Every structure is written in structure tokens, then in C-alpha cells.
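I have placed the structure first, in the form of C-alpha cells, so that the comments after it can refer back to it.
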Amino acid sequence: MSEKKKKLTTASGIPYAKHEDSMTVGPRGPVLLQDYVLHEKMAHFNRERIPERVVHAKGTGAFGVFRVTHDISRYTRAKLFSKVGNECPVFVRFSTVGGEKGSADTERDPRGFAMKFYTEEGNWDLVGNNTPVFFIKDPKKFSDFIHTQKRNPKTNLKDAAMFWDFLSLNPESMHQVMILFSDRGTPYSYRNMNGYGSHTFSMINDSDERIWVKFHVKTRQGIKNFTGPEAEEMKGKDPDWAQGDLVKAIEKGDYPKWTMNIQVMTQGQAKKFKWNPFDLTKVWPHSDFPLVEVGEMELNKIPENYFRDVEQAAFAPSHVVDGIGYSFDKMLQGRLLSYPDAHRYRLGANYEQIPVNRPLNKVNNYERDAFMRVDDNGGGNPNYFPNSFDNIEPDHKYKEPPMKLESDIADWYDRNENDDDHYTQPGILFEKVMTDSERKNTINNFVGHMKGIAGPRREEIIKRQLGHFYKTSKMLGDAVSEGLGVKM
Ligand code: NDP
């Protein structure tokens, strides 16, 4: 290579001569305190790790493009959706949820499917999963729930008793549990799974009309899953299987694609809907709320540097652009707060200046200073509003229409309408949607995992969970009881 050689420098740009040998008194040492390069190397190395994400720690990501293929401007005034053919760059991070950064990619777990759309009016993050529902419907339960997926505080081991104890005491988890223990709980690869925004969001159009929406991002590679035993085997063979699959596919030009759809519910339909439309443990049946095609997404570039772009990527459901809004969904409301809070802890208050998180458009505001401020920090411009010096002003065209509330502030835990129906939808999934072989695998996956429940409360926990299986489907209850050798 005829490329001009570069000089080795310290972080402050000072060229230096020796990278491998410390400065010593005589050839045998000791080492001198004044060897600054040695200190810089050791000290920086000691600080390489940033806090691991408490959930979704193991992941991989890619850049790509989103293209609008169908006109939904009747529902939303979002600039991105103003015209068929509009495009924007995207960054997508896939992950498992419960395991640590070194855990295996084929663990039985939901998969994170977090999308960042760099639109001309700011970043829109759709921070979804590969499942349309979740284990809980109230954010107050989240930390308890996640603790049960982590390690037992005493043994430091994963603990099936903790897991099933919590789930059996929270029957609202039944729908997600059913999906998790179907083969969709062990996707073959990130390319072969769907993404769901999961929450109910709103869309607002030019006439200030609000409708409720759910986002479905369907794989064009086809759904493909490992069976339970295949996933177990892959954990040992190649714990980074899904990361490798994505990298290899993109590097050979086999770019994965997804189709984005929405489901639309009017405010009137929401009032009459059989279930709470803002309940994250429920779906909206396709027959009543058909998928409306919106666009396509292609991933075509693996980041040059994993830490820079994947480890430092920060997604937040609170990042919605004009024309897309929140809903009453309690879990969404909790996440609006907790995601940016997690990023401020993990990456610092200026996390949105990190290249992968930076919007395409110019940021104008009065936030200043804090650790790792690496842009011009507002330069010499005023750091307060209102002021008589700059020309930044709020634009009222971005005002959202009012959202009508129909209730009082109160502790509603004892009066949640229709919220006790934890069983109808997972029952339909098990009995009507799954094929015979999917049902068989789901039963085997339940039995295999529940056999791991140990300790003094084993029987109580198993029986409580079997009670939920029976309420979901007698066929399921009978099969799992038989597999576990437990009489109800
Ligand atoms: P449909 O028959 O119209 O839809 C069934 C859906 O189930 C399809 O989207 C299919 O996804 C998905 N599916 C198939 N197998 C599994 C599985 N093992 N785990 C999770 N999803 C699976 O029926 P409905 O809309 O009336 O819904 C029936 C049930 O299907 C629901 O109770 C829910 O459990 C499940 N479901 C519904 C979704 C919805 O938004 N309505 C979304 C996902 C699941 P695909 O098209 O990719 O094969």
C-alpha cells in the first residue's frame, strides 16, 4: 500500500515513539511515574465499559432506508407520510430482553425491534418488539417483572420458580406467555421476525382529527423459528448466531426488508371496542381492524463501529414527530419517562448529540452544558427564552388537538372494565391460529420450562399457572398437566 503512514499520537494529538515498552529506570525497571502514555492506555482501558442496558443488553443493529409506498395522509400530517415515494434513513436495533450482554441470541425471550426514522422534522423512534403484546399492562409492575427474568439474588442463577411465580400471580401475562412459549419465542434470526409498535399511538391529520393506530412491521423474509431444542443447541454452538446472520446477509448484499402496516381505530370505534384499546396485553383483531399498508424498510449497512452506533444507540417512544402522538396506554406513558431517563443515566444528558442519535435537522433550544457536550453548545447565542436577541420561536402549527378525557383521577385498580379477560385472545391464538405442530411445540416448551420450577412453592406455583392455562384452553391445561404429571 502506498498510503501515507500516519503518526501514532496520544489522545491530545502528541506524536510519541514507544507504544509497547514502558519508560523505566534501566532495562529491568522499575517503571517511571512520568510515563504518561502508559497511564493514558491503562486509564482509558479501565473506563471502556459504560453501564449495560438493564434490559435489551444483547443486540445488533443496521442502517437502512424507509420508503412510503401508500398514501396515509388522510390519517396523519407527518411530513414523512405526506407523499408516496418519500424516503428517510433508518437505524434499527434488534435485541433479546432479559439476558446480559454476553448471553445467547437464541434464548427464549421476546426480541426488541427498535426503529429510528431520521425524518426532516426530527427523529421518530418506534421502539417495538417482535410481539404485538406485553406481559404487563401497568408500568408500576415493570421492575418487578424484569427482576424475575434476571438472576436469583442468592444463587445468582436464572430461576424458573421466580419466573412462573410472578407470571402465575399476574394472569394478564397469559397472552404474551403464549407467544413466548410458541416457536415465535425463539426466532431463527432477526430477519425472520415481525416488529410491532405494540402500543396504541395516535395519528393526527391536517384537520386536527385524531385516530388511534397500531404499527405492524412484517418481515418479507418469511417467519422462521427455531424449535425449542434447536434453539437450545444453538446457544452452545454459536451464542452470537443472530448477530452473525444479520451481518453476513447484509455484507453479501442480501438486504432484509419489512413492510410497514397500520391498524386504524376511530375514537368512536374505541368507545365501543370489546376490550380496552389501550391495554398492551390485547391486540385488535385483524377482521375488525384490517392492516393498511404504509411503506417498506430495507436494512443495507452494518455500522463501521459497533460501540459507536449500536451500543450508544438510544431509542425512546417519547420521540414522535408531528402528526404522530401518544395514547392513554399506561405502559406507553411509563416508557415516555423511563427510556430517556435510562439514556441520561447510561450515556449522559447529551446523549442525543452522539452521531447515531443525532437528528438530520438542526437542533435549536436552550439546553446547555452537562457532561460530554460536544457540539457548539449554542455558541454565543442566548441561553434563555424569551429573549430579544435570537430568532428562534415556537411554531403553533405543531400544536396537537386536545385529547378528551372521560374520567376522574383515582385509584382505578379495583374498577378496570374488561381488564380481567386475560384469556380470550391467547385462547384464540392457541386453538384457532396455531397449527397442530405449533400447538405441540408450545406444549412441549411449557412443560420443559416448568419442569425447572424448584423449591418449596413448586406445586403451588405450577397449579396456579395451570389454572390460567385451563381458563385459556382446556386442551392446553390438560396437555401441560399431563406433561408435568400434575393432577388438578
Ligand atoms: P388473524 O388470524 O387475522 O391473525 C393472526 C395473527 O397471528 C397473524 O398476524 C399471525 O402473524 C400471528 N401469529 C401466528 N402464529 C403466531 C404465534 N405463534 N405467536 C404470535 N402470533 C402469531 O387473527 P386475529 O387478528 O383475530 O388475532 C387472533 C390472535 O392472533 C390474537 O388473539 C393474537 O393472539 C394473535 N395475533 C394477532 C395480531 C393482531 O394484531 N390482530 C398480531 C399477532 C398475533 P403472521 O401474519 O405473521 O403469520
Side-chain angles (χ1 to χ4, degrees), residues 97 108-111 113 126 128-135 137 171-201 212-228 230-231 256-265 269-270 273-294 296-297 327 329 418 421-446 449 468-469 471-473 475-476 479:
V97 181
R108 179 168 305 287
D109 209 359
R111 301 294 187 267
F113 197 127
L126 189 55
N129 276 332
N130 70 329
T131 58
V133 293
F134 197 63
F135 298 92
K137 59 173 93 184
E172 69 199 45
S173 61
M174 192 57 233
H175 199 179
Q176 178 77 324
V177 165
M178 184 70 81
I179 297 175
L180 182 64
F181 281 83
S182 78
D183 286 337
R184 289 204 184 192
T186 49
Y188 177 81
S189 79
Y190 293 135
R191 294 182 299 136
N192 293 102
M193 60 184 208
N194 296 335
Y196 302 88
S198 305
H199 299 290
T200 299
F201 288 89
W212 306 118
V213 287
K214 281 190 185 280
F215 292 93
H216 298 249
V217 182
K218 295 247 194 179
T219 175
R220 292 202 189 158
Q221 288 67 241
I223 296 277
K224 193 171 164 192
N225 302 306
F226 282 122
T227 61
E230 287 166 349
K257 293 190 179 63
W258 285 263
T259 305
M260 180 189 277
N261 306 273
I262 54 171
Q263 279 181 298
V264 173
M265 187 186 276
Q269 286 172 314
F273 188 51
K274 185 167 170 194
W275 293 286
N276 171 3
F278 311 110
D279 174 347
L280 187 55
T281 66
K282 307 281 191 300
V283 295
W284 300 352
H286 289 130
S287 49
D288 301 329
F289 303 94
L291 295 181
V292 177
E293 201 168 327
V294 174
E296 60 186 14
M297 181 172 78
S327 79
D329 179 339
N418 287 332
D421 179 9
H422 312 305
Y423 310 108
T424 304
Q425 293 197 350
I428 295 171
L429 176 61
F430 184 75
E431 294 195 345
K432 308 247 161 62
V433 177
M434 287 189 198
T435 61
D436 281 345
S437 74
E438 284 171 334
R439 263 192 294 273
K440 200 166 130 240
N441 288 353
T442 304
I443 291 163
N444 288 340
N445 292 335
F446 276 133
H449 201 275
H468 301 311
F469 288 162
K471 285 186 190 161
T472 304
S473 155
M475 194 194 327
L476 175 68

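Order of listing sets the numbers, starting from 1, for every ligand and every atom in it. Residue numbers count from 1 along this sequence. Keep in mind that this is a model prediction, so the values were computed, not measured.
Under the rule for a ring pair (Phe, Tyr, Trp, His ring centres under 6.0 Å), the partners of His216 that lie at least two apart in sequence or sit in another chain are Tyr196, His286.
Between Tyr423 and His468, the ring-plane angle classifies as parallel under the 30° and 60° cut-offs.
Within 4.0 Å of ligand 1, the residues that place a heavy atom are Pro132, His175, Ile179, Ser182, Arg184, Asn194, Tyr196, His216, Lys218, Ile223, Gln263, Val283, Trp284, Pro285, His286, Gln425, Ile428, Leu429, Val433, listed by chain and number.
Note that Lys214 lies in the cation-pi zone of Trp284, set by a 6.0 Å cut-off to the ring centre and a 45° limit from the axis. Cation-pi geometry between Arg111 and Tyr190 is not met: the NZ or CZ atom fails to fall both under 6.0 Å from the ring centre and inside 45° of the normal.
Checked by atom type and distance alone, the side chain of Arg220 never pairs as donor or acceptor with a backbone atom of Pro256 at under 3.5 Å. Side-chain N or O atoms of Asn194 include one that pairs as donor or acceptor with a backbone N or O of Thr219 at under 3.5 Å.
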